[in-house]
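All remarks here apply to the structure that follows.
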Amino acid sequence: MGQTKIGSISDNIFTLYYDHMGFIHKLTPDHFEPDVSLTTLGNSRGIFGQPPDMGFETALAPQYISLKEIIFYAYVPANEPQGNIYTKKFSNMHLGKVIHSRKTGTAYIRKVLQHNTPEGFLSSIIAEVINPFGIEEANESSCLSSSLSINQAGNASYKLTLQSQSINSSFQDLDVEKTVVIPGYSSFLITRVLDAKNALAIATMPERALSNMSFQKDSWFLYNLGHKNGRMWSIYAKPCNYWFQQDHSLSLNVLKYIDLGKSHTLKVKVIPNTKGVRTLEIPLLKVIVGNANLLEVKAEGSFDDTDSYVMKISAASKALRQGSTSLALVIWGASTECFVTTVVPTLKNSCSYLKSMHHIPSKLIPLEDWISGVHKDSQGFNMIKTLPINYRPPSNMGIAIPLTDNFYHADPSKPIPRNLFPKSKRSGKFKQCANMSTREECNCTNDQKFSHAVAFSDCREKVPRFKFPVTQYPVSLGIYSENGRIPVETPYLVTMTEVNRRENWKLQHSVPENVKKLKNYLESHLNAPVYNPLGLNLSIKGSELFHFRVSVVPGVTFCNLVEEFQIYVDEVPLPFPGHTLIAVAAAVVLGGLIFTAFMFQIRNIHPSDICQKFMTRNKVNLSNFSINQMPHR
C-alpha cells in the first residue's frame, strides 16, 4: 500500500494506540482523547484533523497516453540547488493516491517513476483518469486564439511561436508553467515567455517532439498545473475503494487454534468500491505468513461475477510442534481512508482452551431430577443413587474395608463409616473439605456437586445407579470445541482406569487391522491397555460405586483429553461364599427331610398315628395327675 500522511498533531507530548476493536486513541500527560469522529470509513479526523495535501511545490506537465491514462512529469528547474531537488520529486508515498486539479479533474496514481531524462523532469507518475482534467479557455490564456508553431531552440529547449495577426492573442507571464498538450505528440511545459509571440518550453517526450511543425487553432490545448501563482494541483489519499468481508467473524484479529493433524480455513472477500476506476485482473490481497515453518499454509484466490476478489486460506498442522503464527491479509491497493486495510488473524498450533472430551451417558437424566434425586425408569427403578455421607467405595478386600483416599459426599462433622480396620483408618483424605468442620464450610458449588472429576469427589452427592449386573454398557465419548462435537474414534486411542483401584470390570472393543500395530506399540510404551474408543463396551460384576477415568493417548492431539464418569451398581446378590452357603444349607435340609420321609415309609411308620398316641398318653397322664391331687376324706 506504500506510505501516506494521515494528518498532524499539535501536542508536544502524546502517545497513539489502537484498541482491540481497531480504533485509534490519543493519550497526553493531562488528558485522554478518543476519536469520537471515527466513521465507518475509518477517518480519524478527530485526532489528526483534515487530511493533508501530499503535493509539493513545483509545476506538473501532463502527457496523455490514452483518454484514460496520463503521465504527470514533475518539473525541476536547471538552477535548482542540489539539496532541494528531492523536494520537487514524486516518491513512493504518492503511490495509490489521487491527484486533483484545482480547476477540475482527478486521477488515480498507479505507478511512480524516477529517471534522469528528459531534461528538467526527474520523476513522473502514471495515473488513471477518474474525472477529465479541465483545460484553459481563451479568456484565461489569449494565446489559445492563435495557431502554434514549434521549433527546436537547443538540446532540450523548444521555441513556441504564435502565428496570428490578432493583437489580442499573445503569451503572458501567467502562461509560465502551463503545459501545451497536442494529441499524438509530446507535451511542452512553458518555462519562459520571451515576448508576446514567443515562449520557451521543454518537452516531456523529446523523441515525439517534431521541429518546424505548426498546429492550427483548437488543435492544441493548454493545461494549468503550475505553482507560480499558487499551486494548481494537490494529492490526497483516495477515498475508501475496497470493503473487506470475512466469513463467520467480525473480529479483525481473530485467534484460531489448530490441533495436531487438523486444519482451519479462512475465507475473505475484497469488494471493490472503485467508481470510475477499472478493476485490474490481479490479486487484490496479499498473504504474509509470520512463521512459515510452523503450519502448512495454502491460499487460493479468484474473482467472482461481481469483480469481488475471494480468497480461501487453509492452514494445516502437520508437525508435532506447538507454537503460534500470524497471517497478515493485506489489501495492497486499499486507501488509508478505509477502516480495514489489513487483517491479522493469529493461528495457534496448540490445544484450544474450549476443547474437551465428555462421556455421553446411555440415558440422559434431566437436571431437575438430579436435584430431586429421583428419576425412575419404565420399571420403577430409581436411576439416581444418593451416596451415604463420607462414603468410600469397597476395595478388593471386601465391602467393609475401603482403601481408597477418595471420599464422596464428604461432611467433616459426621462420623466416617466403614472405618474399623487399621488399613481403612489410614486411608481416606478430604480434599475440598480438608481442615473444615462442616460441609457448609466446604463451599461446594452446584457444578462441583454434579462433577464426575475425582478432584471434586468431596462435593459429589448423587451418581447414576444401575442394576446388577452391568453388561455391555456403551462407553460413548465426544470431543467438544468451538467447532461443535465430533465422536472419539480412530486415530484417537484411549486408556481406561478405575480411580479407586477396583476390579471386577471388563472392557470389550474391536481393533481394526490398521490399528493393531499402533495399539501394540503404545501398550509397550505406556504399560497400560489401549482401547479403540469406537464400539467400546463396559461390563461390571462388582457392587457399589465404580469411578472410571478415560484418557486419550498422546501423539494424535495437543490436548490432554481426559474424562471421568461414575456408575453405582445396586441390588447385588450376596457375595461369595454367602450365596453358596445358603444354597448348600437349603440342600442339606431338603435332603434330610426327604431321607426321613423315606425311612418312615420303609418301616411303615405313620407320623399321624404317632401324634395320636402321643396326644392320648398326655391326656391319661393329666387325668392321673388330677386324681392324685384330690384330698382324702
Side-chain angles (χ1 to χ4, degrees), residues 55-64 71-85 87-90 101-103 115-124 133-182 185-217 219-233:
F56 45 93
E57 298 304 321
T58 192
L60 299 184
Q63 172 70 60
Y64 277 91
I71 301 178
F72 291 95
Y73 291 87
Y75 174 58
V76 179
N79 59 351
E80 186 72 25
Q82 190 68 28
N84 292 343
I85 290 179
T87 64
K88 298 184 180 298
K89 295 173 63 177
F90 290 107
S101 169
R102 186 186 293 183
K103 184 181 288 287
H115 41 74
N116 295 322
T117 57
E119 187 174 333
F121 302 114
L122 301 183
S123 65
S124 61
F133 285 81
I135 60 176
E136 294 288 280
E137 300 291 341
N139 59 355
E140 296 172 311
S141 294
S142 60
C143 61
L144 290 169
S145 302
S146 298
S147 300
L148 180 68
S149 66
I150 301 175
N151 296 281
Q152 190 166 3
N155 291 335
S157 179
Y158 292 83
K159 184 178 181 181
L160 309 182
T161 302
L162 299 179
Q163 298 177 345
S164 174
Q165 302 300 322
S166 174
I167 59 174
N168 294 324
S169 177
S170 63
F171 287 116
Q172 301 174 5
D173 289 339
L174 292 178
D175 294 329
V176 174
E177 294 187 345
K178 293 182 181 180
T179 304
V180 174
V181 175
I182 305 171
Y185 297 93
S186 172
S187 298
F188 297 90
L189 176 67
I190 300 174
T191 58
R192 179 182 172 190
V193 174
L194 299 176
D195 53 42
K197 299 296 181 180
N198 298 285
L200 291 179
I202 55 175
T204 57
M205 291 184 173
E207 64 277 5
R208 303 199 64 180
L210 300 179
S211 184
N212 300 321
M213 288 286 295
S214 297
F215 300 93
Q216 297 299 316
K217 173 188 173 183
S219 66
W220 62 281
F221 309 95
L222 204 61
Y223 287 81
N224 186 7
L225 294 173
H227 86 292
K228 182 179 179 180
N229 300 308
R231 183 151 50 89
M232 300 298 294
W233 61 276

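Values below: every heavy atom of this structure, side chains too, minus hydrogens, waters and symmetry copies.
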| request: Please answer whether the main-chain N or O of Ile85 pairs with a side-chain N or O of Glu80 as donor and acceptor at a distance below 3.5 Å. | output: no

| request: Tell me, with the steps shown, if Leu225 and Ser101 meet side-chain contact (heavy atoms from CB on, under 4.5 Å). | output: CA-CA 7 Å; Leu225 294 173; Ser101 169; 4.0 Å; yes

| said: Are Tyr223 and Met232 packed together at the side-chain level, in the sense that at least one heavy-atom pair is separated by less than 4.5 angstrom? | reply: no

| request: Scan residues 138-158 for pairs that pass salt bridge (Lys or Arg N to Asp or Glu O under 4.0 Å), counting only residues two or more places apart or in two chains. | output: Lys103-Glu140

| task | Just do the side-chain contact (heavy atoms from CB on, under 4.5 Å) check on Thr179 and Tyr75 with the steps written out, would you? | result | CA-CA 11 Å; Thr179 304; Tyr75 174 58; over 6 Å; no

| Do you know which of Ser169, Ser146, Ser149 makes side-chain hydrogen bond (donor to acceptor under 3.5 Å, both in side chains) with Gln163? | Ser149

| note | Phe56 and Lys88 have their tightest heavy-atom pair at CE1-C, 3.5 Å

| query | Which distance, rounded to the nearest 0.5 Å, do you find between the CD1 of Ile150 and the OG of Ser211? | reply | 9.0 Å

| is_close_aromatic(Tyr64, Phe221), centroid dist under 6.0 Å | no

| request: Supply the atom-to-atom distance Lys228 NZ to Asp175 CG, rounded to the nearest 0.5 angstrom. | output: 10.0 Å

| At what distance, to the nearest 0.5 angstrom, does OG1 of Thr161 lie from NZ of Lys197? | 10.5 Å

| query | Distance from Glu177 atom CD to Ile190 atom CD1, nearest 0.5 Å? | reply | 10.5 Å

| For Phe90 and Ser123, which heavy atoms make the closest approach, and how far apart are they? | N-OG, 2.9 Å

| request: For residues 185-206, pull every pair meeting ring pair (Phe, Tyr, Trp, His ring centres under 6.0 Å), keeping only residues two or more places apart or in separate chains. | output: Tyr158-Phe188, Tyr185-Phe215

| request: Looking only at non-hydrogen atoms, find the nearest pair between Val193 and Gln172 and report the distance. | output: CG2-O, 3.3 Å

